[in-house]
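Data block below; observations after.
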Number of protein chains: 2
Amino acid sequence: MDMTQTIASIPLFAGLTPMQCASLGAIAVCRTFSRGQSFFYEGDEGIGFYVILSGKVKIFKLSSEGKEQIFHILEEHEPFGEAAVFAGEHYPASAQALVETRSLFFPRLKFVEVISREPSLALSMLALLSLRLRKLASLVEDLSLKEVPGRLAAYLLYLYEHNDDSATVKLDISKNQMAGLLGTIPETLSRILKRMNDEKLIKVTTRSILILNEQGLADLARGARRLA
Amino acid sequence: MDMTQTIASIPLFAGLTPMQCASLGAIAVCRTFSRGQSFFYEGDEGIGFYVILSGKVKIFKLSSEGKEQIFHILEEHEPFGEAAVFAGEHYPASAQALVETRSLFFPRLKFVEVISREPSLALSMLALLSLRLRKLASLVEDLSLKEVPGRLAAYLLYLYEHNDDSATVKLDISKNQMAGLLGTIPETLSRILKRMNDEKLIKVTTRSILILNEQGLADLARGARRLA
DNA sequence: ACTGATGTTTGACTTAAGTCAAGGCGCAAC
DNA sequence: GTTGCGCCTTGACTTAAGTCAAACATCAGT
């Protein structure tokens with residue numbers, strides 16, 4: 001598949017004309033990262049942003065004691081590093097490949113140049129950033145206003161809703177990563193999964209979770225219920 | 001002062017030509033809110049965004065038990081509600097005037113229309129959203145990876161750095177609001193201020209705080225030090 | 001298939017920070 | 001001035017969640 005085609009297939013760039021896609025294609029660079037490899041670290045100079053073609057990437061920060069807060073886990077077609085393109089000079093968080101990941105890299109200055117000529121692209125980027133803002137706001141809300149069982153319930157329901165068919169949510173990240181995403185640690189996550197399991201809200205297996213009581217989880221997520 | 005003048009004086013719109021300012025002025029509406037009045041509530045339809053002309057506005061969410069997490073406290077010339085303009089249909093948080101506040105309101109659709117004709121305005125908005133994203137990311141970091149003394153130290157240093165001259169930081173929000181901003185409650189804030197005071201990091205008075213040991217606060221903010 | 005590295009669970013313990021309740025301070029209105 | 005109402009502080013208590021340590025399961029790479 002040639003570059004213009006590839007770019008046209010990315011939702012962020014939906015609505016662009018073939019010619020616009022071609023001008024983006026002219027500045028994009030393919031880059032592949034192996035499992036565990038870092039795209040950039042927090043504080044690095046923001047030289048451009050990436051769009052994932054295949055693979056999985058986590059965006060995170062580490063505390064001085066080594067605890068990790070994951071901001072997002074991103075998959076195919078999702079962009080990252082874009083906040084550094086338009087403001088400030090450094091990346092606000094680190095990005096690391098969780099599995100082998102192919103990506104397109106868009107250098108900052110060239111991309112800004114293209115965008116100032118393409119209002120529809122600018123609007124797409126505005127929509128993207130607004131969406132990110134919304135997600136982060138909800139993470140702040142969860143961290144500050146909910147306890148871990150509430151966050152976990154909200155997360156499971158989120159997975160459940162974006163699930164193809166069954167009530168079985170398959171976990172495609174490790175429970176360690178999941179703990180990082182929920183702003184807690186593996187031990188706490190493990191204990192709370194067990195309590196939810198005991199209360200027959202869910203059935204936990206190694207790589208998946210069966211939702212048994214959706215309403216119960218929803219109550220937990222809203223803070224209208226507590227675990228024993 | 002006429003509308004075009006007013007708009008030209010807002011940093012977000014810096015760099016726009018007088019004609020561009022005039023087209024923004026044509027769609028802007030002046031609105032004044034009294035102390036305690038709400039601009040919008042979380043979940044309301046996102047019909048447009050505001051820029052503060054004078055006054056002070058808090059952006060926040062409430063938990064089901066009534067605890068408040070403040071996202072930002074905004075002052076003159078700062079915009080808010082902009083994330084709802086470009087994505088999604090509702091405001092992700094609530095906005096309330098802390099004092100009598102004059103503002104300009106930009107209706108969503110008209111603003112999007114103007115922006116798609118003005119690339120430089122689009123770039124300003126992208127920069128704004130990126131900056132907000134950065135601030136929220138750092139709030140997530142603080143909430144998840146730091147304890148309250150660390151958050152408070154970071155906040156005091158922030159005030160200190162944006163301070164005109166002296167080592168005396170004057171508090172222009174109540175300590176209750178400050179607790180909400182730090183993701184904690186007034187009692188906890190009070191206790192920690194006292195501990196910092198006892199350790200001679202700061203000198204607390206009613207409406208202001210004197211910074212005595214900047215380095216100590218910095219260490220606390222970095223997690224390299226603990227309060228007794 | 002082996003094996004070392006990662007990921008997961010469990011138990012005992014510690015602790016930061018929240019809750020509840022009472023009292024003091026300070027400003028604004030009468 | 002004094003009354004009254006938010007704001008702020010303090011103390012005693014509770015609790016969610018983190019730490020430390022040990023054992024076990026699972027996975028990826030040789």
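In what follows, every chain begins at residue 1, and chains take the letters A, B, ... in the order their sequences are listed.
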Could you state the atom-to-atom distance from [atom1] of [X] to [atom2] of [N] in whole Å?
X	N	atom1	atom2	answer
A:L189	C:dT10	CG	P	12 Å
A:R226	D:dT15	CZ	C1'	9 Å
A:L152	D:dA16	CG	C1'	15 Å
B:I185	D:dT15	CD1	C1'	13 Å
B:D198	D:dT10	CG	C1'	13 Å
B:L182	D:dC8	CG	P	13 Å
B:N176	D:dT9	CG	C1'	11 Å
A:Q177	C:dG7	CD	P	7 Å

Under 4.0 Å between a side-chain N/O of [X] and OP1 or OP2 of [N], yes or no?
X	N	result
B:K175	D:dT9	yes
B:S174	D:dC7	no
B:S190	D:dT9	yes
A:T184	D:dG18	yes

Between [options], which nucleotide gets closest to the side-chain atoms of [X]?
X	options	result
A:V148	C:dA17, D:dC7, D:dA17	D:dA17
B:P149	D:dC8, C:dA17, D:dT26	C:dA17
B:E187	D:dC7, C:dT10, D:dT9	D:dT9
B:E147	C:dA17, C:dT19, D:dC20	C:dA17
B:I192	C:dA17, C:dT9, C:dG18	C:dA17
B:K67	C:dT8, C:dG18, D:dT19	C:dG18

Check: A:R191 side chain, D:dT19 base, donor-acceptor under 3.5 Å |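 Looking at the base of D:dT19, it does pair with a donor or acceptor on the side chain of A:R191 (distance under 3.5 Å).
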
Qualifying residue, where the test is ring pair (Phe, Tyr, Trp, His ring centres under 6.0 Å) with B:F39 and the options are B:F33, B:F60, B:F105 =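 Only match with B:F39 under ring pair (Phe, Tyr, Trp, His ring centres under 6.0 Å): B:F33.
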
B:Q37 and B:S34 side chains, donor-acceptor separation under 3.5 Å = yes

Under 4.0 angstrom, heavy atoms only, what part of the nucleic acid is B:R207 near: base, sugar-phosphate, or nothing?
-> sugar-phosphate

Measure centre to centre between the rings of B:F13 and B:F106, then say whether the value is under 6.0 Å.
-> yes

Is the B:F80 to B:Y91 ring centre distance short of 6.0 Å?
->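 Ring centres of B:Y91 and B:F80 not closer than 6.0 Å.
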
Kindly compute the distance separating CG (B:L159) from CD1 (B:I173), expressed to the nearest 0.5 Å.
->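 The distance works out to 7.5 Å.
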
